[in-house]
S.K.: 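Here's a structure for you.
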Amino acid sequence: MTRYLITSALPYINGVKHLGTLVGSLLSADVYARFRRAQGFETLAICATDEHGSTTELAAAEAHMDVRAFCDLQYTMQKASGDGFALDWDHFGRSSSRANHELTQHFARLLWKNGHLETRTTKQVYSNADKRFLSDRYVIGTCPHCGYDRARGDQCENCTRVLDPVDLIDPRSALSGSRDIEIRDSTHLFLKQSAFVPKLREWIGGHTQDWPPLVTSIANKWLDEGLKDRGITRDVEWGVPVPDDIADGALKGKVFYVWFDAPIEYIGATREWAEANGKGEAWRDWWFGDAAKDVVYCQFMGKDNVPFHTVGFPVTIMGSGEPWKLVDRLKGFNWLNFEGGKFSTSQQRGVFMDSALEILPADYWRYWLMANAPETSDANFTWEQFAAQLNKDLADVLGNFVNRVTKFCAARFEGCVPSEGSYGAEEDTLIGELDGRVAALAALFEAMEFRKAMAELRAIFVAGNEYLTRAAPWTAIKTDRARAAAAVRMGLNLVHLFGHLAWPVMPTAARRIHESIQDAAEVIPWPDEPMAEFLDDLEYGLQIRVPQVLFQKIADEQVESWKRRFGGADGA
RNA sequence: GGCAGCGUAGCUCAGUGGUAGAGCAGGGGAAUCAUAAUCCCUUGGUCGGGGGUUCAAAUCCCUCCGCUGCUACCA
């Protein structure tokens, strides 16, 4: 039986993530993993923090913390945010783990041995005042093209031209402002990825049907423009050290580039998972050789990550010469914007995972983000649209349905699944419709078409309301108690169904819905039997419980206060 | 500058050669079980502009306009 290995692009360690990161990699992966788990497939959902690199070093310095302590703290916070959003990882690891160090060095040794790495001497900017090499972006100066005096060494933000730090006029360190900088030679390892273009092209060409156009077009663009060999080491301290047995120790004291070790942490975190759960070498069965032949590997990420997952990481794997798994299904997302502007971690603009949970339960966010996922183009978050859609879809269409059915049952049938009456034409029609819709919903989840899946899910809830209006047990009960009983029984079975279908997206609310009828399993399974069976499954006479209001409506005053608290794109 | 994507109803979006669609919002009605929640009907679009191919174009081609992203050392 197929097993599903599911990874989310690793969230960078420098702070709590915003809704854009959540929808594009963390949440979408979780919804897909839950769906597959609900279907009964063995799944392994893996994520981790991406901790290395100069950005982390500088963020830690700014926080006056030791790098490791900074990462420990941020890791704990990100893990807590993930738990708060019910992101049900099998393991949430860290790219700084011993497992990742070993695997990263393992891959590097293989690449070196196979002749896919070479050393090159490059010119790097060194700051005597900061006593460190500076990444291009940490050198600032005057742009030679437009004269902007705070251009960064990698690109001028004013005229958007790509720069080299040596082009800058009056260069200085962005860290200290010191002009005491010099160009030093530095030896680095380069991954000769240009040699892999034919293999990459063939591999990517085989996925034009099952990857979004966004993904294949980005991947092909990189190949078409001529793939350059890429430096995979850096002159920083916080990272995986280059082993001495590569290039006769010529890279002593250097570490691998964060984009080299971060994807390897997908494997590293799987090994962390095995170690944490006493599973020994079982992690290999998800990744390596024939043991992993039944694994379908699915990756979720924002479009900025696509090149590293369609080119960089695959070259690492191909070049190793070992049979590690390549990604099978790659789901990429566009950007989610905030009130017409960009979400920004550095500028703290938008809604972040921790503050989101302060104002509404996770399920509200989970549903809205999946229903508005930026799949075919960038999408926009606005408070007005957010509140309107949640009030309509969750409070009115879903929540109110559960409420009206269970309350009517309590009032007229002693809160028990009625045994009288039998299903007739009205029920047959509904069953026929839902057989089609539930199958369509499953197909959309399988296709990772989350936006359409949410529209289908909503249509299923609407079908329940339509049925109830047609069956009108509140009218029937006056003249034909058996007819009313059958309608209430169907209503309760629909509530039960909704609990099952909603679970991948809204696990907490789905559980409450399910538990209004009967206790729920840890994983609420996907209904795979025909609706004629599923919708007559509840035991006659079963005592149900009217739940508390499932989704509190969002009031206009709340919307206003959130707008004030979080501001808009203009930072107001 | 180069490359890529987008532009469809007031709003958010489906639709990639065959009679322009959905949800929300707006209008009318029904119902009164329910969180005033639901259900039915309905108004609304020269599919960014222009040109071309075709029996037929939102869809393919060219061009112009507008927006966005990427451009390899931020991740």
Side-chain angles (χ1 to χ4, degrees), chain A residues 9-14 21 50 52-56 58 122 124-125 133-139 145 152-155 159-162 164-165 188 193 213-214 217-218 220-222 224-231 234-236 257-259 262 302-308 311-312 334-335 337 342 345-346 371-372 375-380 382 384-385 388-389 391-397 399-412 451-452 454-455 458-459 462 464-477 484 487-488 491 546 548-553:
Chain A
L10 306 189
Y12 200 61
I13 194 74
N14 66 338
T21 309
D50 176 14
H52 295 137
S54 55
T55 306
T56 305
L58 297 169
T122 60
Q124 300 292 321
V125 176
F133 282 96
L134 298 176
S135 300
D136 291 359
R137 67 191 310 248
Y138 290 114
V139 183
H145 303 288
R152 294 192 326 218
D154 55 343
Q155 185 173 26
C159 67
T160 73
R161 256 186 264 230
V162 178
D164 197 279
H188 284 290
Q193 46 185 18
L214 173 74
S217 76
I218 291 174
N220 283 321
K221 194 196 79 173
W222 275 60
D224 293 343
E225 288 182 356
L227 199 54
K228 296 175 194 162
D229 297 339
R230 185 163 196 132
R234 290 293 183 272
D235 289 297
V236 299
Y257 175 38
V258 59
W259 261 115
K303 59 185 170 186
D304 53 332
N305 276 290
V306 168
F308 303 103
V311 176
N334 287 283
W335 303 127
N337 291 319
K342 281 198 239 179
T345 303
S346 56
N372 296 279
E375 292 179 311
T376 55
S377 63
D378 293 352
N380 194 24
T382 67
E384 304 283 358
Q385 195 263 350
Q389 187 169 7
N391 282 345
K392 191 68 180 173
D393 293 1
L394 297 189
D396 296 350
V397 174
N400 182 56
F401 178 83
V402 173
N403 195 41
R404 65 199 293 216
V405 168
T406 53
K407 273 197 173 162
F408 189 77
C409 173
R412 299 306 190 108
R451 220 174 165 121
K452 289 179 182 171
M454 292 306 99
R458 181 190 191 283
V462 167
N465 280 304
E466 290 171 0
Y467 163 78
L468 208 59
T469 298
R470 288 196 304 269
W474 49 87
T475 304
I477 196 148
V488 169
V546 178
Q548 294 295 302
V549 167
L550 281 161
F551 299 100
Q552 206 74 49
K553 291 240 245 184

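Chain identifiers are assigned alphabetically (A, B, ...) following the order of the sequence lines, protein sequences preceding nucleic acid strands; residue numbering begins at 1 within each chain.
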S.K.: I'd like the C1' distance from G52(B) over to C13(B), given in whole Å.
M.R.: 30 Å
S.K.: Please report the distance separating the C1' of C11(B) from the corresponding atom of G44(B), rounded so that it comes out in whole Å.
M.R.: 13 Å
S.K.: Could you tell me whether Val462(A) contacts a base, only the sugar-phosphate backbone, or nothing, with contacts defined as non-hydrogen atoms closer than 4.0 Å?
M.R.: sugar-phosphate
S.K.: Could you tell me whether Asn465(A) contacts a base, only the sugar-phosphate backbone, or nothing, with contacts defined as non-hydrogen atoms closer than 4.0 Å?
M.R.: sugar-phosphate
S.K.: Tell me which nucleotide, if any, is Watson-Crick or G-U wobble paired with C11(B) when both distances must be under 3.5 Å.
M.R.: G23(B)
S.K.: Of the nucleotides A75(B), A72(B), C33(B), which one has an atom closest to the side chain of Tyr257(A)?
M.R.: A75(B)
S.K.: Hey, is Asp378(A) close enough to Lys342(A) for a salt bridge, meaning N to O under 4.0 Å?
M.R.: no
S.K.: State the pairing partner of A30(B); accept Watson-Crick or G-U wobble contacts with both distances under 3.5 Å, and report none otherwise.
M.R.: U38(B)
S.K.: Does Arg470(A) place a side-chain N or O at less than 4.0 Å from the phosphate oxygens OP1/OP2 of U38(B)?
M.R.: no
S.K.: If the C1' atom of A14(B) is compared with that of C24(B), how far apart are they to the nearest Å?
M.R.: 14 Å
S.K.: Name the nucleic acid region contacted by Ala388(A), choosing base, sugar-phosphate or nothing; use a 4.0 angstrom heavy-atom cut-off, strictly under.
M.R.: nothing
S.K.: Determine the contact category for Phe551(A): base if any of its heavy atoms lies under 4.0 Å from a base atom, sugar-phosphate if only primed atoms, P, OP1 or OP2 are that close, otherwise nothing.
M.R.: base
S.K.: Whether the side chain of Asp136(A) engages the backbone of Pro165(A) through a donor-acceptor N/O pair (distance < 3.5 Å, no angle test) should be reported.
M.R.: no
S.K.: Nearest to the side chain of Thr469(A), which nucleotide is it out of A72(B), A75(B), U38(B)?
M.R.: U38(B)
S.K.: At 4.0 Å (heavy atoms only), tell me whether Arg451(A) reaches a base, stays on the sugar-phosphate, or touches nothing.
M.R.: sugar-phosphate
S.K.: What's Asn337(A) touching, base or sugar-phosphate or nothing? Going by heavy atoms closer than 4.0 Å.
M.R.: nothing
S.K.: Given the P atoms of A36(B) and A25(B), what is the spacing between them in whole Å?
M.R.: 16 Å
S.K.: Please classify the nucleic acid contact of Trp335(A) as base, sugar-phosphate, or nothing, using heavy-atom distances under 4.0 Å.
M.R.: sugar-phosphate
S.K.: State whether the distance check finds a donor on one side and an acceptor on the other, under 3.5 Å, for side chain Asn400(A) versus base A34(B).
M.R.: yes
S.K.: What distance, rounded to whole Å, do you find between the two P atoms, one in G5(B) and one in C47(B)?
M.R.: 22 Å
S.K.: Base, sugar-phosphate alone, or nothing: which one does Val258(A) contact when heavy atoms must sit under 4.0 Å apart?
M.R.: sugar-phosphate
S.K.: How far, in whole Å, is U19(B) from A56(B) if one measures between their P atoms?
M.R.: 15 Å
S.K.: When the ring planes of Phe308(A) and Trp259(A) are compared, do they come out parallel, tilted or perpendicular, using 30° and 60° as the limits?
M.R.: parallel
S.K.: Counting any heavy atom closer than 4.0 Å, what does Gln552(A) reach on the DNA or RNA strands: base, sugar-phosphate only, or nothing?
M.R.: nothing
S.K.: May I ask you to say what Thr55(A) touches in the nucleic acid, namely base, sugar-phosphate or nothing, with a heavy-atom cut-off under 4.0 Å?
M.R.: sugar-phosphate
S.K.: Determine the contact category for Lys392(A): base if any of its heavy atoms lies under 4.0 Å from a base atom, sugar-phosphate if only primed atoms, P, OP1 or OP2 are that close, otherwise nothing.
M.R.: sugar-phosphate
S.K.: Ring-on-base stacking between Phe408(A) and C33(B), under 5.5 Å between centres and under 30° between planes: is it there?
M.R.: no
S.K.: Contact class for Leu550(A) (heavy atom, under 4.0 Å): base, sugar-phosphate, or nothing?
M.R.: base
S.K.: Under 4.0 Å from OP1 or OP2 of G5(B): is there any side-chain N or O of Lys221(A) that close?
M.R.: no
S.K.: Expressed in angstrom and rounded to an integer, what is the separation of Trp259(A) atom CH2 from A72(B) atom P?
M.R.: 16 Å
S.K.: Please state whether the phosphate of C74(B), meaning OP1 or OP2, lies under 4.0 angstrom from any side-chain nitrogen or oxygen of Arg137(A).
M.R.: yes
S.K.: Scan every strand shown for a Watson-Crick or G-U wobble partner of A4(B), both distances under 3.5 Å, and answer none if you come up empty.
M.R.: U68(B)
S.K.: Could you check Ser217(A) against Ala379(A) and say which one's nearest nucleotide on RNA chain B is further toward the 5' end?
M.R.: Ser217(A)
